[in-house]
Amino acid sequence: MQNFIRDIIEADLESGKHTTVVTRFPPEPNGYLHIGHAKAICVDFGLAQAFGGRCHLRMDDTNPDAEDVEYVEAIQRDVRWLGFEWGEPMYFASDYYERLYEHAVHLIRIGKAYVCSLTEDAMREHRGSLTEPGKPSPYRSRSVEENLDLFARMRAGEFAEGAHVVRLRGDMAAANMKLRDPAIYRIKRAPHYRTGDAWCIYPLYDYTHCLSDAFEGITHSICTLEFENNRDLYDWVLAQYEVSDVASPGTVPCRPRQIEFARLNLTYTMMSKRKLLQLVEEKRVQGWDDPRMPTLAGMRRRGFTPESIRAFCDLIGVAKNNSLVDVGKLEFCIRDDLNRRAPRAMCVLDPLEVELVDLPVALSSLAAPSFPAELELDGTRRLPVSERVFVEREDFADPPPARWHRLSPGAVVRLRHLGLVRCEEVERGADGAVQKLRCRYLGADEATAGTKAKGTLHWVSAQDALDIEVRIYDRLFDVEEPESLDQLNPRSLVVISNAKLEPSVAGAVAGASFQFERHGYFCVDPDSSTERLVFNRTVTLRDGWAKEEPRAREHDARPESREATRPEEQTRAPSVADLEGPVRARAEALVSAHGVSEAVAIVLASDATLLDLVEAAFTAGASGKAATLVANLVAGDLRARLSGTRGPLGFGGRELAELGGLVAAGTVTGAVAREVLGRLVEKGGSPADLVRELGATTLGQDALVLLIDEVLAAHPDEVARYRAGKTALLGFFVGQLMRRARGKADAKAAEELLRERLG
RNA sequence: UGGGGAAUCGUCUAACGGCAGGACGCAGGAUUCUGAUUCCUGUUAUCUAGGUUCGAAUCCUAGUUCCCCAACCA
């Protein structure tokens, strides 16, 4: 699968910037991994795999308050389960504490960090706001010696929490708030789950992460969009160190590049770690591995396979758009996977007793394939048969709605694998509720039964059925984009304690998946015991009837929809008359004297350098068509090429005028002119010489015809499609021609000829 | 009132300035002992307005909408 990160890596490999690829997946062990992390894992590990590189697993554990070994172990389990190997060793930011400390000392030594003793509130005030610059901390000017001493004493535990922090000496006026002297070390008297009481100062993310990446030789540090603002800081910190293989507090082994992509959002799913923790802590769910949780542990328990999750991650792609993925795509992936691996079984969730009359006595059991024939998978199981069976209560209706394929008085249906039956009697209780059906067995197939069945129903033999518990899970939240825990779906779990399952499934182990035919995919929950199986519903089958039912029930149409009328927002095209000051006159002259469009004139008017340049070209002789051409070229192409860095230009009005003249005279095409302009920007020179060098004068008629023949010969399929009516291909042919001609063909003439040729 | 990002079918995602493609969904149809699966067929999109160009999703200008940034979290 192609995405923009792959493009970047491919370019880096091609250019020789890198010869191998090293990525990393850096979770903080303060919670369980969820489906959003799965996307990140697939990106990080997947990219490394695709390029034959490595992907490190690193615990980003710099905050002792929230982190725990339980989470470390869960993370390892989940990454492995998803199907990725990180090899040796596993990395921990906490392993770098000493080295990070020394690297911070280096920053202090070179005057790029200082100890600040402002309170947290005071620091916030000094930081300014999004629109106002910050003020420097009064402690910013402490001497290197004092800073060194203070930092050492912070480490030694001489100060209370909050008394001091170490900050970078960034830029308090920076538009990017991250650069306004961010803190990199704080005092925290909390034991760390790995380093115990060894430290009472802990490094912060922006400082730790980039250095950890660099220590490990990470080439591409891939993270999510919300870190875009942190990238400047990431680069800033690394820039304070020499790149060298010699490990020292002033060096770093490499300069990784941070690349951001959009994190996963899923409909009906809460992805915030904080909120998930809250669900667990407030016991709104039964734990991190509750099958309703979007955690990998929960999804595993629910019956998702690692393959299905990886397929999902492939399906949704990697880009920078903030997107909200329909959870239906996930469901598609798990159905698609389980269809091929889950053996079929019959399970009645809401039993309705049926007495079968005329059942042949010899028919005490039958063999049924575990998979439908078209899957071509082996396996059979035995289905016991008896005169009392259970069918699904909702498979009987009286009266039946339109297009009903199931049981109703007098209806003939097939009992899967067993044969056809006709419903002949309905027993009702005093309240009118159906208690029992009596159906006549008609034969094993339509031929022997002498009639056709509308539908096929699942069933189980009453005396042989296993009593099981089934947990019917539905989405945890009611709304597409849940924001609060008030939006929990009260019916996210429905427990059915008296479901009837065919006996062949007895002995299934926890985690095993089955398709309960016509219901969905279910897997054995670890809560199962030898006496009683417990199943989780992973996902339903696609249900065509569920979609059709409402329509069948209500013939009364409900048409009438008024489409939304979009309020017309009309933006008026700007005019040179809106300009002010002396540029207005100059812009007006462009329009009136040189045939330049207002839009182009306005662009030029906004940039003094460009305006001067164009006017210089006029002075140098560009007039008429050439003048317009020059103005357009400068406002469009040149502006684009110059955006960002702009040094002195290696050419001026004279060259532009010359170029414009060449085009106006028909000596070169517009495409070539743009090409020449590019060269002019790069290394200057004379347009006429450049054109000569490039051999770029416009092709004559004969050459053009020759090329057209080549193009048509090279693309017979397209020619056929064009002649079949796909005239949009004309542009394609012109494009092919231009490529072959390297821009030297007169497109207008070519189009004309092409049209003739193609008839 | 700053800075950084992003806008393409209902959804997700592609397209050196040259055929707007794929997947999911949806709608029809075929096959079917799961109203499943499978297989056809169809459906629908370049945020707006200008400009440049033979040709713009792509380049330029202006605008609109959405996301992120002011933890001693990551």
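When reading the values below, keep in mind they use all heavy atoms of this one structure, side chains included, and skip hydrogens, waters and symmetry mates. Quick note on labels: first sequence line is chain A, next is B, and so on, each numbered from 1.
Between A/H37 and A/F25, the ring planes lie perpendicular to each other; the angle is over 60°, past the 30° to 60° tilted range.
One can find a donor-acceptor pair under 3.5 Å joining the base of B/C19 and the side-chain atoms of A/E718. For A/N63 against B/C73, a side-chain-to-base donor-acceptor contact under 3.5 Å is absent.
Remark: ring of A/H209 does not overlap the six-membered base ring of B/A74 in a stacked fashion, as centroids less than 5.5 Å apart with planes less than 30° apart are not both met.
A/R742 pairs by the salt bridge (charged side-chain N to carboxylate O under 4.0 Å, His left out) definition with nothing, not counting sequence neighbours. Judged as a salt bridge (charged side-chain N to carboxylate O under 4.0 Å, His left out), and not counting sequence neighbours, A/R723 has no contacts.
For A/D717 and A/R721, the salt-bridge test fails: no basic side-chain N is under 4.0 Å from an acidic carboxylate O.
Between A/R542 and B/U37 there is a side-chain polar atom (N or O) within less than 4.0 angstrom of OP1 or OP2. The side chain of A/R518 contributes no N or O atom lying less than 4.0 Å from OP1 or OP2 of B/U32. Under 4.0 angstrom from either OP1 or OP2 of B/U61 there lies at least one side-chain N or O belonging to A/R639. At least one side-chain nitrogen or oxygen of A/T62 sits closer than 4.0 Å to the OP1 or OP2 atom of B/A74. Phosphate contact (OP1/OP2 of B/C26, side-chain N/O of A/K547, threshold under 4.0 Å): present. Between A/R406 and B/G35 there is no side-chain polar atom (N or O) within less than 4.0 angstrom of OP1 or OP2. For the pair A/N321 and B/A7, the criterion of a side-chain N or O lying under 4.0 Å from OP1 or OP2 is met.
Between the side chains of A/T698 and A/D746, no donor-acceptor pair of N or O atoms lies under 3.5 Å. A donor-acceptor pair shorter than 3.5 Å can be found between the side chains of A/H519 and A/E392. At a cut-off of 3.5 Å, with distance as the only test, a side-chain donor of A/T448 or A/D445 sits close to an acceptor on the other residue.
Among the atoms of the strands shown, base atoms are found under 4.0 Å from some heavy atom of A/R674.
Remark: RNA chain B forms stems of 3 or more consecutive Watson-Crick or G-U wobble pairs, all pair distances under 3.5 Å, at B:2-7 with B:64-69, B:10-13 with B:21-24, B:25-30 with B:38-43, B:47-51 with B:59-63.
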